[in-house]
Chemist: 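Below is a structure I'd like to ask you about.
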Amino acid sequence: MLIKEKSKSLFEKAKNLIPGGVNSPVRAFKAVGGDPLFIKAAKGAYLYDEDGNKFIELINSWGPMILGHARDEIEKAVSESLKLSPSFGAPTENEINVAELIVEMVPSIEKVRMVNSGTEATMSAIRLARGFTGRDKIIKFEGCYHGHGDSFLIAAGSGVATMGTPDSPGVTKGTAADTLTAPYNNLEAVDKLIQNNKREIAAIIIEPVAGNMGCVLPGKGYLEGLRKACDENDILLIFDEVMTGFRLAKGGAQEVFNVMPDLTTLGKIIGGGMPVGAYGGKKEIMDHISPIGPVYQAGTLSGNPIAMSAGFEMLSYLNQHNEVYTQLQEVATKIENGIKDNLHQLGMSYSINSIGSMMTLFFTEEKVTNFDSAKTTDTALFGKYFNAMLENGVYIAPSQFESLFLSTSIDEKLADQIIDANFKSLKSIL
Ligand code: KE4
């Protein structure tokens with residue numbers, strides 16, 4: 001059994017000062033039982049908690065640490081930048097360097113604005129779409145999560161689904177009325193919403209590969225169908241690539257599926273672990289953003305030097321080393337096949353969705369193609385599996401409605417250890 005004394009006492013202290021003892025709900029282990037582990041350090045593929053336990057890490061800060069933890073180049077760049085003062089609130093050259101890389105790497109982006117989180121990116125993109133089109137409504141998809149902006153806490157995934165409150169109190173009726181929802185992978189439902197709300201819909205926002213109901217892939221022709229529906233009805237298509245951006249490919253899901261959105265939101269990997277979000281797209285749309293256009297959006301620490309120094313190192317490396325993506329795919333395929341063998345050996349027929357370095361083992365025998373099928377999973381069994389994996393030295397997302405994120409620090413040897421831990425954990429919950 002894991003020793004968790006230090007984490008336990010820290011959690012008791014934290015709960016007196018921070019709601020639920022955490023600064024983001026999904027970290028609280030509420031859905032899997034037990035108390036959260038307080039992490040002290042991480043390096044490469046490993047996390048070390050306050051009780052000295054060591055884990056192979058498959059969350060990677062929910063995506064950002066695609067090159068593993070505490071990478072030397074990023075550390076060096078941040079410490080250099082720190083000496084020049086962390087923030088000026090004035091333009092700096094490195095913001096241009098990072099913007100240049102994003103424009104080069106993400107096919108549909110011609111101009112980009114930095115913000116401080118994925119939530120800020122999606123909130124800003126929606127405001128821009130409404131300002132640009134003069135329309136109020138948006139379409140989002142059940143089980144997709146776009147951060148905690150009011151317009152998105154309707155049928156949301158990730159932590160909200162994990163907590164079982166996909167529609168959060170505090171979101172006004174007016175706001176909720178402007179957010180229309182449809183099941184993922186269902187084009188007819190989108191067509192129906194468009195017909196019933198003619199010329200009132202500003203944008204359709206989607207995770208082109210969903211990660212927040214667990215990993216769910218777009219069906220054949222689905223993204224193309226959304227693109228067509230938007231073109232025919234003057235609706236902006238927004239790809240929320242906060243998770244998939246720079247992870248599935250240099251150019252994210254839009255490069256993999258070759259479907260171009262009008263706006264893209266980004267986060268996570270850009271900052272290499274520092275708080276960075278961004279939204280970008282066609283010049284003619286982005287030039288509606290203040291100070292060049294009327295749609296207001298701002299941020300004291302947006303594009304700050306420390307985050308830009310980390311981001312520049314991260315994006316430069318990914319831009320120069322495309323082999324990262326084949327390496328991640330090879331290791332992910334090995335792990336997926338190993339888990340499938342384990343399930344077969346144990347006579348279990350749970351389903352797995354995976355693409356690139358994103359993957360989810362669903363505790364259901366149904367193929368998971370949308371939020372309804374994702375909700376057929378046995379979340380109590382997942383909780384047992386999660387805790388068994390911890391005991392077997394592997395740290396996975398503490399929720400069935402999340403994806404795993406591999407890093408390049410996970411090599412074939414570690415993949416074997418993960419497969420072995422998976423076997424032992426599945427066996428223990430049989
Ligand atoms: P942040 O505001 O958490 O930086 O980004 C919000 C966001 C937007 N869009 C997508 C597709 C996202 O996945 C996220 C955030 N992802 C979750 C994990 N599924 C963050 C983890 C957390 O809430 O602590």
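Indexing begins at 1, ligand by ligand and atom by atom, following the structure's order.
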Chemist: What does the list of residues with a heavy atom under 4.0 Å from ligand 1 look like, ordered by chain and number?
Modeler: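 For ligand 1, the contacting residues are Ser24, Val26, Trp62, Ser117, Gly118, Thr119, Tyr145, His146, Gly147, Ser158, Glu207, Asn212, Asp240, Val242, Met243, Lys268, Glu402.
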Chemist: For Lys8, I'd like to know if atom NZ has over 12 heavy atoms of other residues, nucleotides or ligands within 6.0 Å.
Modeler: no
Chemist: Looking just at side-chain N and O atoms, do Glu104 and Asn319 make a donor-acceptor pair shorter than 3.5 Å?
Modeler: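 There is such a pair between these side chains.
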Chemist: Please check if the distance between the ring centroids of Tyr145 and Phe152 is under 6.0 Å.
Modeler: no
Chemist: Indicate the ring-plane relationship of Phe141 and Tyr222, choosing parallel, tilted or perpendicular according to the 30° and 60° boundaries.
Modeler: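 Ring orientation, 0 to 90° scale: perpendicular.
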Chemist: Compute the centroid of each ring, for Phe386 and then for Phe29, and state whether the two points are separated by less than 6.0 Å.
Modeler: yes
Chemist: Does any pair with a residue in residues 261-279 pass salt bridge (Lys or Arg N to Asp or Glu O under 4.0 Å), and if so which ones, sequence neighbours excluded?
Modeler: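 Sorted result for residues 261-279: Arg227-Asp262, Asp262-Lys282.
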